[in-house]
Enquirer: 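Below are the structure tokens for one structure; questions will follow.
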Amino acid sequence: MVEANGGIRKKILPIVIIPVVILSCLSTMIGVTLFYGFYTQSIRSELISTTDTLIDCLNFAISGDYRYENGMLLKGDLNITDSTMLLQIKKQSGIDITFFWNDVRIMTTIEDRYGISAVGTKADSRVADVVLKEGKSFSSKKLMINDQKYIGYYVPLENVGGEIVGMVFAGKQKDLVYQKIIEVVLWFAAFSVITVAISIFITLKFTSSMISDIDSINRFLKAISEGNLRAVLGNRIVNRNDEIGSIGVYAIKMRDNLQKLIERDSLTSLYNRRSCHNMLQSMVQKAQMNCVVMCDIDFFKKVNDTYGHAAGDYVLREVSALIKKNVHGCGFASRWGGEEFLLVYMLGFRDTVEKTKQLQQSILEHEFVYEGTKMNITMTFGVADGTGDAHYEKVIQRADELLYVGKNNGRNQVVA
């Protein structure tokens, strides 16, 4: 009787276990395959979004053509050879960024195993042919850079006239991708071994949830790549305590940082002109238009010519800090262009004039000292009442006209 029971158990167990194990293995294989497909696609979307957004930020924030002189990458007259932003993107998303002048790396976050930067090395000839000669983007899952495998994406770096002067690259190391995939495979395998009897149910449920979340992340990144930086990713993904949750968190951080890069002026941290237009349009739609102040720094060119552009940047930052303090809680400010600023106050006309005079006085009282040299900085202001005016462009034009009245009448004054 014992032998019979033992024989039945031996026969039943394979009948039950084998299909379950096979289904578990199939489910695991399908899940991993789908994960790999969605994950690599999300990486590609992320890389495309990152390169496109970086180039758009530079084009929106800085006018002029790209030049490479004396080891510096310039856009217009501004030196943009600063890897701080690139390192921040890598820290938050794991994406390596490279700027090429022609086919030579001049700014990059890529390092070899000894920590030596890849600056000065050249791109693969097939990449240079496609991007530099044909003017097309280039993507691959099989790139070898500095003896490391990458999933990467290249786009041309173009000047205003269409001249291709270099490339921008964004990529992720395949070791990081494989590591995440291996973690998922081991998780599935361990789960199947521990609970074979319920592996199908749990695996299918987990896979379904995983695919749904990856698809949500994919749609989220696609929306960002298309310029929708107001896209939202559900809390369920962010609250996941696994790699997908981490991807969701990094995707949101990337969106927030890109939003800041696109909407803010990189030097002053004020809103840029494009963002200001969007905010003014929204205010008009909500009937919130009030008063506009156009102002600029008096004799700013003389500051640059006398003390240098670094001193000019210092003055712009100091003035912007005073402006931000003045408009806090009652409006917002943007860098309109060069040394010119646009201030929007959610106040009545008299209160706006008073706030503007306070700002003028704070600038007069502020000590502008650069490298031991004290500079006398003043500003001229034009104040226009926008209450009830649906055409904010006309309000800005009136403020600009009043600004020039002040400049023609001796500067350092508020004209309302």
Side-chain angles (χ1 to χ4, degrees), residues 40 42-59 61-62 65-75 78-159 163-177 221 224-225 250 253-254 257-258 261-262 266:
T40 53
S42 70
I43 290 175
R44 186 175 185 276
S45 299
E46 186 180 8
L47 300 180
I48 293 173
S49 174
T50 301
T51 54
D52 290 348
T53 305
L54 277 173
I55 292 175
D56 287 344
C57 287
L58 291 173
N59 290 336
I62 308 169
D65 285 339
Y66 294 96
R67 292 177 291 120
Y68 187 64
E69 298 177 358
N70 300 322
M72 296 185 297
L73 179 61
L74 306 174
K75 192 171 192 306
L78 186 63
N79 179 11
I80 59 173
T81 313
D82 185 358
S83 299
T84 303
M85 181 177 66
L86 309 188
L87 293 171
Q88 187 69 17
I89 292 174
K90 181 175 181 178
K91 180 180 178 181
Q92 294 178 348
S93 63
I95 297 176
D96 278 302
I97 307 292
T98 298
F99 277 76
F100 290 83
W101 186 256
N102 292 322
D103 63 344
V104 179
R105 294 178 177 86
I106 59 172
M107 188 165 51
T108 185
T109 59
I110 296 176
E111 297 177 345
D112 63 16
R113 66 187 65 182
Y114 303 107
I116 299 174
S117 173
V119 168
T121 59
K122 288 191 173 184
D124 190 278
S125 58
R126 59 178 179 145
V127 174
D129 288 340
V130 173
V131 181
L132 297 176
K133 295 182 180 179
E134 300 179 18
K136 299 177 180 179
S137 61
F138 181 92
S139 62
S140 176
K141 298 179 182 178
K142 299 179 180 179
L143 291 172
M144 184 66 71
I145 304 173
N146 250 22
D147 296 327
Q148 300 177 82
K149 296 179 180 178
Y150 275 83
I151 296 174
Y153 181 75
Y154 294 81
V155 291
L157 188 63
E158 298 181 9
N159 279 330
E163 177 191 10
I164 298 174
V165 296
M167 302 179 287
V168 178
F169 164 83
K172 275 194 174 182
Q173 292 185 26
K174 294 195 77 172
D175 287 346
L176 299 177
V177 178
L221 292 173
I224 292 176
S225 71
Y250 292 140
K253 288 182 178 180
M254 181 191 72
N257 286 326
L258 292 177
L261 286 171
I262 290 175
S266 59

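FYI, side chains are in, hydrogens and waters are out, and symmetry mates aren't considered; it's all heavy atoms of this structure. Here the structure is a predicted model, which means the values were calculated and not measured. Position 1 is the first residue of the sequence, and the numbers go up from there.
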Enquirer: Look at atom NZ of Lys75 and say whether more than 12 heavy atoms of other residues, nucleotides or ligands are closer to it than 6.0 Å.
Expert: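 Yes - once you tally the heavy atoms of other residues, nucleotides and ligands closer than 6.0 Å, there are more than 12.
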Enquirer: Measuring from Leu157:CG to Leu73:CG, what's the distance to the nearest 0.5 Å?
Expert: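 Those atoms lie 7.0 Å apart.
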Enquirer: Should we count NZ of Lys90 as having more than 12 external heavy atoms under 6.0 Å?
Expert: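 Count over threshold, so yes.
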Enquirer: Treating Thr50 as the side-chain partner and Glu46 as the backbone partner, does any N or O pair qualify as donor plus acceptor under 3.5 Å?
Expert: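 Judged by distance alone, yes, a pair lies under 3.5 Å.
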Enquirer: For Met167 and Asp103, which heavy atoms make the closest approach, and how far apart are they?
Expert: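 Result for this residue pair: CE-CA, 4.2 Å.
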Enquirer: Kindly indicate whether the side chain of Ile89, heavy atoms from C-beta on, has any atom under 4.5 Å from the side chain of Leu54.
Expert: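 Yes - at least one pair of side-chain heavy atoms lies under 4.5 Å apart.
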Enquirer: What residues, two or more places apart in sequence or in another chain, satisfy side-chain hydrogen bond (donor to acceptor under 3.5 Å, both in side chains) together with Lys174?
Expert: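 Per chain and number, Lys174 pairs via side-chain hydrogen bond (donor to acceptor under 3.5 Å, both in side chains) with Tyr178.
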Enquirer: What's the spacing between Asn146 CG and Ile110 CD1 if we round to 0.5 Å?
Expert: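 If we round to the nearest 0.5 Å, Asn146:CG and Ile110:CD1 are 7.0 Å apart.
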Enquirer: For Arg126 and Ser140, work out which heavy atoms get closest and say how close.
Expert: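 Result for this residue pair: NH2-OG, 4.4 Å.
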Enquirer: Roughly how far apart are Leu221 CG and Ile48 CD1, rounded to 0.5 Å?
Expert: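 Reported value, rounded in 0.5 Å steps: 10.5 Å.
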Enquirer: Just verifying a value: how many Å separate Lys133 NZ and Ile164 CD1, rounded to the nearest 0.5 Å?
Expert: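 That separation rounds to 12.0 Å.
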Enquirer: Check side-chain contact (heavy atoms from CB on, under 4.5 Å) between Met72 and all other residues, then give those that pass, not counting sequence neighbours.
Expert: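 Partners of Met72 by the side-chain contact (heavy atoms from CB on, under 4.5 Å) criterion, ordered by chain and then number, come out as Leu74, Asn79, Thr81.
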Enquirer: Under the side-chain contact (heavy atoms from CB on, under 4.5 Å) test against Phe138, which residue among Val155, Asp124, Leu143 passes?
Expert: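 Only one option passes, and that is Leu143.
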Enquirer: Students often mix this up, so state it plainly: with edges at 30° and 60°, are the rings of Phe169 and Tyr154 parallel, tilted or perpendicular?
Expert: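 The arrangement is tilted - the two ring planes meet at 30° to 60°.
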Enquirer: Inspect the surroundings of CZ in Arg105 and state if more than 12 heavy atoms from other residues, nucleotides or ligands are less than 6.0 Å away.
Expert: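 Result for CZ/Arg105: enclosed.
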Enquirer: Distance from Asp56 atom CG to Thr51 atom OG1, nearest 0.5 Å?
Expert: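 Atom-to-atom, Asp56:CG and Thr51:OG1 are 9.5 Å apart.
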Enquirer: Taking all non-hydrogen atoms of both residues, which atom of Tyr153 and which atom of Ser139 are closest, and how far apart?
Expert: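 Minimum heavy-atom separation between Tyr153 and Ser139: CD1-CB, 3.6 Å.
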Enquirer: Would you name the heavy atoms of Ile95 and Ala170 that are closest together and state the gap between them?
Expert: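 Closest approach of Ile95 to Ala170: CG2-CB, 3.9 Å.
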Enquirer: If I compare all heavy atoms of Ser117 with all of Glu111, which pair ends up nearest, and what's the gap?
Expert: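 In this case the closest contact between Ser117 and Glu111 is CA-CG, 4.1 Å.
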Enquirer: Distance from Lys122 atom NZ to Phe100 atom CZ, nearest 0.5 Å?
Expert: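 That separation rounds to 11.5 Å.
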Enquirer: Answer yes or no: does atom OH of Tyr250 have more than 12 heavy-atom neighbours from other residues, nucleotides or ligands under 6.0 Å?
Expert: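 Incorrect, the count does not exceed 12.
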Enquirer: With the side chain counted from C-beta on, respond yes when Leu47 and Tyr150 share a heavy-atom pair under 4.5 Å apart, and no when they do not.
Expert: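 SC-SC contact between Leu47 and Tyr150 ruled out.
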Enquirer: Do side-chain atoms of Thr109 reach the backbone of Ile97 as a donor and acceptor pair under 3.5 angstrom?
Expert: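 Between the backbone of Ile97 and the side chain of Thr109 there is a qualifying donor-acceptor contact (under 3.5 Å).
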Enquirer: Can you find a pair of side-chain heavy atoms, one from Gln148 and one from Asp175, that are under 4.5 Å apart?
Expert: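 Counting from C-beta outward, Gln148 and Asp175 never come under 4.5 Å.
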